[in-house]
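All ligand and atom numbering here is 1-based and tracks the order in the structure. Position 1 is the first residue of the sequence, and the numbers go up from there. None of these values were measured; they are calculated from a predicted model.
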Amino acid sequence: MEQYFQKEIECASYEDIRKMQSEKLVKQVQHVWDNVPYYRKKMEEKGVTPDDIKSVDDLYKLPFLSKKDLRDAYPTGLLGVPQKDCVRIHSTSGTTGKRVIAFYTQHDIDLWEDCCARAIVAAGGSSDDVCQIAYGFGLFTGGAGLNGGSHKVGCLTVPISSGNTERQMMFIQDLQATILCCTPSYAAYLSEKYKEEGYSPEDIPLKAGIFGAEAWSEEMRHEIETTLGIKAFDIYGLTELSGPGVAFECCEQNGMHINEDHFIAEIIDPDTEEVLPEGSQGELVFTAVDKEAFPMLRYRTRDICKLTRGKCSCGRTFIKMAKPMGRSDDMLIVRGVNVFPSQIETVLLNNGYAANYQIVVDRENNTDSLDVQVEMTPEMFTDNVGEIEERQKKLVEDMKSMLGIKVRISLLAPKSIARSEGKAVRVIDKRKI
Ligand code: DLL
């Protein structure tokens with residue numbers, strides 16, 4: 001039977017959720033107007049005052065916040081409370097430009113951990129479980145968020161952090177860990193290690209995984225689930241909105257329920273900023289209605305995805321977001337065609353490869369080139385040139401029908417691509433170097 005961490009909220013009626021969102025939104029807009037001069041100025045420039053916002057239906061009147069605003073207001077320009085009322089910061093893992101620093105009051109942390117606890121319970125977690133947190137701890141939100149959620153659920157929590165794969169496996173086996181939380185690329189690496197060491201799924205005590213922080217395909221889910229003998233659940237979030245737990249998957253495993261009592265989601269056209277109807281693909285925008293320290297109104301995530309509201313067999317009523325295709329800034333434009341790394345991953349995994357690949361984009365003779373370098377699995381590995389050429393040809397054809405353009409395929413020996421303990425680096429765009 002489906003379990004919930006906060007059933008009355010997770011299964012509330014649509015009308016009750018809307019009402020709750022509207023009430024919180026009105027208060028939050030006033031809070032921001034009173035306490036965040038940076039956003040107040042943006043509202044004034046758009047000719048909006050708190051009086052114009054009476055319910056969720058007025059959300060469209062508010063100005064957007066973007067990554068650029070966060071950089072401009074760095075580090076404290078968007079603080080909604082005096083710094084002495086904050087108890088923690090986290091920061092994005094971004095490598096370009098200034099990092100984003102997100103601030104939290106104790107109340108913010110409490111609500112964030114509730115969101116993570118909802119995700120753990122939706123994945124079947126309870127106080128009977130041993131939950132191994134292999135997301136990084138520190139400035140990254142993954143470790144701290146799920147650690148807090150796991151405590152709230154009452155699991156025996158193993159805050160092992162990322163890396164040291166042998167130790168991860170030792171703790172999983174010795175403590176009989178039942179839930180694993182890490183990035184999907186690290187879960188794939190652990191699966192590979194278990195396979196290499198001759199474990200079969202029955203030898204591995206895990207029953208569920210809560211994997212997120214990067215885009216991953218259904219094919220990758222299937223691969224991890226069969227190797228580890230678990231159910232793999234997706235979890236979504238971003239530092240600006242607290243961290244993991246903005247949305248989480250339930251037993252249906254087909255999209256993530258957005259914690260709508262805390263976050264109002266919209267989909268917009270990234271070019272025109274027009275709000276799109278439900279079911280359209282576009283950029284995800286979130287309004288956090290009760291964050292105190294770092295209030296985000298209409299924050300443009302740059303993640304491309306779809307929203308659908310429908311009846312879910314788990315009983316939750318929160319709207320669902322599809323797996324994000326990737327970030328709009330991860331989308332490659334190659335010879336004028338839009339290419340998402342996740343599409344390439346789908347073709348590779350459908351052809352029996354593991355998710356050990358890299359995409360190299362370059363410009364040669366004024367034309368874009370797209371090179372997909374993928375490792376052969378140990379079973380495929382051969383020095384029979386004819387066989388390798390056949391494999392390459394098949395991938396080139398399948399990529400062409402998925403993407404509509406010709407790509408170059410390089411088949412590499414197993415273990416040639418570095419494994420990742422956190423978010424995997426999939427794309428090297430030499431045009432930008
Ligand atoms: O990645 C928070 C997180 C930690 C989420 C652990 C889930 C699990 P950031 O480092 O700020 O925060 O990166 C946020 O990662 O805008 C998406 O582009 C991407 N992302 C996060 N979760 C998913 C997911 C954390 N499930 C950025 N699928 C987001 C696809 C995801 N992309």
Side-chain angles (χ1 to χ4, degrees), residues 65-67 70 89-102 104 112-113 115-116 118-120 122-123 131 133-150 161-162 179-187 209-218 220-221 224 232-249 253-259 263 265 270 283-286 288 294 296 299-306 320-331 340-343 345 355 420-427:
L65 269 177
S66 68
K67 196 96 166 176
L70 268 58
I89 65 140
H90 282 283
S91 176
T92 53
S93 45
T95 46
T96 49
K98 278 241 162 41
R99 284 169 166 260
V100 168
I101 298 181
Y104 304 71
W112 172 30
E113 291 179 350
C115 290
C116 290
R118 289 178 191 173
I120 293 171
C131 185
I133 318 282
Y135 285 110
F137 279 68
L139 288 174
F140 180 55
T141 53
L146 280 142
N147 191 68
S150 173
S161 197
S162 55
I179 302 179
L180 172 68
C181 304
C182 62
T183 59
S185 48
Y186 192 59
I210 304 178
F211 306 137
E214 61 185 358
W216 54 308
S217 59
E218 283 304 327
M220 190 158 162
R221 183 196 322 250
I224 298 169
F233 297 87
D234 203 350
I235 182 166
Y236 170 88
L238 52 159
T239 314
E240 296 86 324
L241 296 174
S242 57
V246 171
F248 62 96
E249 253 181 359
Q253 292 177 292
N254 68 348
M256 294 173 271
H257 288 288
I258 294 173
N259 280 309
F263 305 103
E283 180 180 346
L284 197 48
V285 172
F286 280 109
F294 202 56
M296 291 282 109
Y299 180 62
R300 292 187 57 168
T301 63
R302 300 192 287 184
D303 290 321
I304 303 295
C305 101
K306 280 185 194 168
K320 273 185 182 172
M321 59 180 272
K323 259 185 181 308
M325 295 273 297
R327 297 180 84 115
S328 53
D329 34 347
D330 281 348
M331 187 184 77
F340 279 101
S342 56
Q343 295 174 296
E345 182 176 301
S420 133
E421 293 171 355
K423 300 189 191 221
V425 180
R426 302 286 193 203
V427 179

**Worked verdict on Tyr186 versus Glu421 for side chain to side chain donor-acceptor pair (under 3.5 Å)** = CA-CA 5 Å; Tyr186 192 59; Glu421 293 171 355; 5.8 Å; no
Is [X] touching ligand 1 with its side chain, its backbone, both, or neither, if touching means heavy atoms under 4.0 Å apart?
X      : answer
Thr141 : side chain
Asp234 : side chain
Ala213 : both

**Message:** Contact between ligand 1 and Phe140 is defined here as a heavy atom of the residue under 4.0 Å from a ligand atom; is it met?
**Reply:**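 Contact check Phe140 vs ligand 1: positive.
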**Asked** Between the side chain of Ser91 and the main-chain N/O of Val100, is any donor-acceptor distance below 3.5 Å?
**Response**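 The answer is yes, because a donor-acceptor pair under 3.5 Å joins these two groups.
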**Asked** Are side-chain heavy atoms of Ile304 and Phe340 found at a separation under 4.5 Å?
**Response**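 Yes, at least one pair of side-chain atoms sits under 4.5 Å.
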**Request:** Sort out for me which residue in Ile235, Thr183, Asp234, Leu180 forms a side-chain contact (heavy atoms from CB on, under 4.5 Å) with Phe211.
**Result:**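 Single side-chain contact (heavy atoms from CB on, under 4.5 Å) partner of Phe211 among Ile235, Thr183, Asp234, Leu180: Leu180.
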**Prompt:** Centroid-to-centroid, Tyr104 to His90, below 6.0 Å?
**Reply:**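 Between His90 and Tyr104, which both carry aromatic rings, the centre distance is below 6.0 Å.
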Taking distance alone, with N or O pairs closer than 3.5 Å, would you say [X] contacts ligand 1?
X      : value
Thr92  : no
Ile235 : yes
Lys423 : yes
Thr239 : yes

**Asked** Side chains of Ser185 and Glu214: is there a donor and an acceptor less than 3.5 Å apart?
**Response**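 Result is yes, a qualifying pair exists.
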**Request:** To the nearest 0.5 Å, tell me how far Asp303 CG sits from Lys323 NZ.
**Result:**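 Answer for the CG-NZ pair, Asp303 versus Lys323, is 12.5 Å.
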**Prompt:** Going by the atom numbers of ligand 1, which of them fall below 4.0 Å from some non-hydrogen atom of Pro324?
**Reply:**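 Per the distance check, 28 (N), 30 (C).
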**Message:** Suppose I only count heavy atoms of Gly142 and a 4.0 Å limit; which atoms of ligand 1 are within that range?
**Reply:**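 What qualifies from ligand 1 is 4 (C), 6 (C).
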**Message:** Just to be sure I'm reading this right: ignoring hydrogens, which of Gly143, Gly237, Ala144 gets closest to atom 25 (C) of ligand 1? Compare them by their nearest heavy atoms.
**Reply:**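 Ranked by closest heavy atom to atom 25 (C) of ligand 1, first place is Gly237.
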**Prompt:** Among Glu214, Glu249, Arg302, which one has a heavy atom closest to atom 28 (N) of ligand 1?
**Reply:**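 Heavy atom nearest to atom 28 (N) of ligand 1 belongs to Glu214.
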**Item:** Sole residue of Arg221, His257, Lys320 in side-chain hydrogen bond (donor to acceptor under 3.5 Å, both in side chains) with Glu249
**Value:**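 Exactly one option meets the side-chain hydrogen bond (donor to acceptor under 3.5 Å, both in side chains) with Glu249, and it is Arg221.
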